[in-house]
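Worksheet: one structure, shown below.
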Amino acid sequence: MQVMNDEVPDDGDFDAHRRRGEFDGITPEDFVAGSGHGNPPGWLPSASIDRLRQEMPIPYVQVVPAHTDELGRVVQIGSLLHMDGDGSVERTIIAGRVLYHETLREAIARNIAKDLGEIAIPVLPAGLTPFTVAEFFPTPGVSPYFDPRQHAIALCYLVPVLGDCKPQDETLDVEWCSPDGLRMHAFIDQMANGQGEIVRKAIAWACL
């Protein structure tokens, strides 16, 4: 029986001292908060990731943050005001690629912390089946999802957050609204390149 499957171990795991090459000394927290000695393995410089984007699909996670009531029903959906690379402001959701040797749980947690801060307190799903898979293409019209940089395959999750969300990094603000209100429809219409379609599917999935 395969155990651990090469995850980055916690100190108490039975095989915590098994050698992992360049990952020796790397902890799960390094992937969430960033290593104190530079970026962890798997974080590529711009030139390398730009080259790979021209040669192969890149795996991503996309996260729709939510507030839930005491029965677990979604009462608010979060969207981000984000500073784009060209300095423009766009409405979007949490997104980021999965790093080499990073589990999906670590990728979800790291990207939530990157945009919402360390005390957002996400409730990660018990299972890792996404509510949808969005395939972004660099050619418009191939799918509802467009990314001019790359062909990206995004696993999409709706994740409740319990803590205080403080915009981080390139995130300027986090705005919350009811999933079935007119304001939510306006927010979805402001999202480009298929992000709004992901939010629509998240709301439909949460209301099943």
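Here the structure is a predicted model, which is why all the values come from computation and not from measurement.
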- Task: May I ask you to test the Y157-I108 pair for a side-chain heavy-atom distance under 4.5 Å?
- Result: yes
- Query: Which pairs count as salt bridge (Lys or Arg N to Asp or Glu O under 4.0 Å) when at least one residue sits in residues 144-162, sequence neighbours excluded?
  - Reply: D147-R149
- Note, P65 side chain near I94 side chain (heavy atom, < 4.5 Å): yes
- Query: Within the distance-only criterion (no hydrogens, no angle test), does the side chain of T139 pair as donor or acceptor with the backbone N or O of V142 below 3.5 angstrom?
  - Reply: no
- Query: Do L80 and E175 come close enough that some side-chain heavy atom pair is under 4.5 Å?
  - Reply: no
- Query: Counting N and O atoms only, with roles assigned by atom type, does the side chain of E102 sit under 3.5 Å from a partner on the main chain of L99, one being a donor and the other an acceptor?
  - Reply: yes
- Return the orientation label for the W176 and H67 ring planes: parallel under 30°, perpendicular over 60°, tilted otherwise. parallel
- Message: Given 3.5 Å as the limit, does a donor-acceptor pair link the side chain of Q190 with the main chain of F187, or not?
- Response: no
- Query: Out of curiosity, L162 CG to T68 OG1, how far, rounded to the nearest 0.5 Å?
  - Reply: 6.5 Å
- Taking C-beta and beyond as the side chain, do H151 and I58 meet within less than 4.5 Å on heavy atoms? no
- Message: Are R91 and L81 packed together at the side-chain level, in the sense that at least one heavy-atom pair is separated by less than 4.5 angstrom?
- Response: yes
- Task: Please name all residues satisfying salt bridge (charged side-chain N to carboxylate O under 4.0 Å, His left out) with R183, sequence neighbours left out, ordered by chain then number.
- Result: none
- Query: Between the side chains of Q62 and Y145, is a donor N or O closer than 3.5 angstrom to an acceptor N or O?
  - Reply: no
- Message: Salt bridge check, D189 against R200: does any charged N sit closer than 4.0 Å to a carboxylate O?
- Response: yes
- Message: Whether E118 and K166 form a salt bridge (side-chain N of Lys/Arg under 4.0 Å from carboxylate O of Asp/Glu) is what I want to check.
- Response: no
- Message: Ignoring hydrogens, what is the shortest heavy-atom contact between A109 and L124? Give both atom names and the distance.
- Response: CB-CD1, 4.3 Å
